[in-house]
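These notes concern the structure reproduced below.
Because the structure is predicted, anything quoted here is derived from the model rather than measured. Residue numbers start at 1 and run along the sequence shown.
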Amino acid sequence: MIFNFVCALSQRVPSAVYKVALRMKPQVVFVLGGPGAGKGTQCAKIVEAMEETMQTDEKKFRFLIDGFPRNEDNLQGWTTVMDDKADIKFVLFFDCGNEVCIDRCLERGKSSGRTDDNRESLEKRIQTYLQSTRPIIDQYEKKGKVRTVDASRGVDEVFTDVKAILDKEG
């Protein structure tokens, strides 16, 4: 009798766990940093890693949102629409000095065709980032939800740290 109960329970538990997982809110990671900090480069690598993880565990409910929220209006809009639908797991903050960011963007501009990859535009974009996006990062920092990566290093070095954070955060 106990054996039958254990067998029946073992067949129902995975199903019950899966049903609970379906009711869970998706976990969101905001990716923020200044222009040229490497958000796009690292997000491409993170997506590859996430796809590998999802192939082995299709019940993962995580989303990566690159470059959002950029300002208080974005954050308020997110909170109004998504607060009860998704949990912000953390903010992945690519911290990089302004001059490094400018140099990277100027180098990228040589082949990207982006018209805003010039020094004058970049200095304005960095000021906008400092005035609008940095306060958002500070808000999440106060909540203990910022994971900072030194993005001034090479792509592979940065990704090693990113991977360690993602592995630690589950």
Side-chain angles (χ1 to χ4, degrees), residues 21-51 53-54 60-153 155 158-159 161-170:
L22 286 177
R23 291 187 203 125
M24 290 173 40
K25 293 182 193 177
Q27 295 179 338
V28 174
V29 175
F30 289 147
V31 180
L32 295 172
K39 297 177 304 292
T41 301
Q42 291 300 321
C43 281
K45 294 177 82 62
I46 294 167
V47 166
E48 288 177 28
M50 287 175 76
E51 286 174 349
T53 299
M54 290 182 342
K60 292 276 185 183
F61 294 98
R62 293 212 182 101
F63 297 88
L64 188 67
I65 303 181
D66 177 8
F68 183 89
R70 290 186 190 272
N71 56 44
E72 189 63 36
D73 285 344
N74 286 170
L75 181 58
Q76 290 307 317
W78 171 273
T79 301
T80 301
V81 175
M82 297 299 294
D83 201 40
D84 62 339
K85 296 179 178 91
D87 290 324
I88 306 305
K89 185 144 175 90
F90 60 92
V91 171
L92 186 59
F93 171 42
F94 290 102
D95 191 16
C96 191
N98 295 346
E99 278 307 310
V100 173
C101 289
I102 288 171
D103 291 344
R104 286 179 178 171
C105 289
L106 291 174
E107 188 62 34
R108 176 181 69 191
K110 291 177 183 176
S111 60
S112 71
R114 287 184 59 158
T115 58
D116 61 346
D117 279 347
N118 63 70
R119 184 164 289 278
E120 183 180 338
S121 293
L122 289 166
E123 287 173 357
K124 289 178 185 175
R125 287 169 54 200
I126 286 174
Q127 285 308 307
T128 300
Y129 157 75
L130 292 172
Q131 293 169 357
S132 299
T133 306
R134 190 62 208 227
I136 303 300
I137 296 166
D138 294 341
Q139 284 182 41
Y140 279 101
E141 184 78 57
K142 289 175 186 168
K143 296 177 183 179
K145 289 195 167 214
V146 173
R147 307 300 178 267
T148 302
V149 176
D150 176 2
S152 65
R153 301 166 298 146
V155 172
V158 171
F159 187 66
D161 287 356
V162 168
K163 185 106 171 68
I165 290 169
L166 295 175
D167 289 346
K168 180 181 177 189
E169 295 293 333

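Taking CD from Gln131 and CG from Asn71, the interatomic distance works out to 11.5 Å, rounded to the nearest 0.5 Å. Glu123 CD to Ile102 CD1: the interatomic distance, rounded to the nearest 0.5 Å, is 5.0 Å. The CG atom of Asn98 sits 11.0 Å away from the CG atom of Asp103 when rounded to the nearest 0.5 Å. Remark: Thr148 OG1 to Phe90 CZ distance equals 11.0 Å, nearest 0.5 Å. To the nearest 0.5 Å, atoms CG (Leu64) and NZ (Lys89) are separated by 13.5 Å. With rounding to the nearest 0.5 Å, the separation of CG in Asp161 from CZ in Arg153 is 4.0 Å.
Judged purely by atom type and a 3.5 angstrom limit, Arg125 uses its side chain to pair as donor or acceptor with the backbone of Asp116. Within the 3.5 Å criterion, the main-chain N or O of Phe159 finds no donor-acceptor partner in the side chain of Lys45.
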- Working for side chain to side chain contact (heavy atoms under 4.5 Å, CB included), residues Leu92 and Ile46: CA-CA 11 Å; Leu92 186 59; Ile46 294 167; 3.8 Å; yes
- Message: Pair Gln42, Val158 - check side chain to side chain contact (heavy atoms under 4.5 Å, CB included), show working.
- Response: CA-CA 8 Å; Gln42 291 300 321; Val158 171; 3.6 Å; yes
- Query: Does the side chain to side chain contact (heavy atoms under 4.5 Å, CB included) test come out yes or no for Cys105 and Arg108, once each step is laid out?
  - Reply: CA-CA 5 Å; Cys105 289; Arg108 176 181 69 191; 3.5 Å; yes
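Contacts classified as salt bridge (charged side-chain N to carboxylate O under 4.0 Å, His left out) and involving residues 133-143 (residues at least two apart or in different chains) are given here: Arg134-Asp138.
The side-chain heavy atoms of Tyr140 and Phe93, taken from C-beta on, include no pair separated by under 4.5 Å. Put simply, the side chain of Ile136 does not reach to within 4.5 Å of the side chain of Phe30, judged on heavy atoms.
Environment of CZ in Arg70: sparse, with no more than 12 heavy atoms of neighbouring residues, nucleotides or ligands closer than 6.0 Å.
Minimum interatomic distance between Pro35 and Cys101 (heavy atoms only, all atoms of both residues): O-CB, 2.8 Å. When all heavy atoms are compared, the tightest approach of Ile137 to Leu32 is CG1-CD1, 3.7 Å. Of all heavy-atom pairs spanning Arg104 and Ala37, the tightest one is NH1-O, 3.2 Å. The minimum heavy-atom distance linking Ser152 with Cys96 is given by the pair CA-SG, 3.8 Å. The two residues Gly40 and Asp66 have their closest heavy-atom pair at CA-OD2, 3.8 Å. Contact record, Pro69 with Leu75: CB-N, 3.7 Å, taken as the closest heavy-atom pair.
No salt bridge links Arg114 with Glu107; every basic N to acidic carboxylate O contact stays at or beyond 4.0 Å.
Side-chain atoms of Glu72 and Gln76 include a donor-acceptor pair closer than 3.5 Å.
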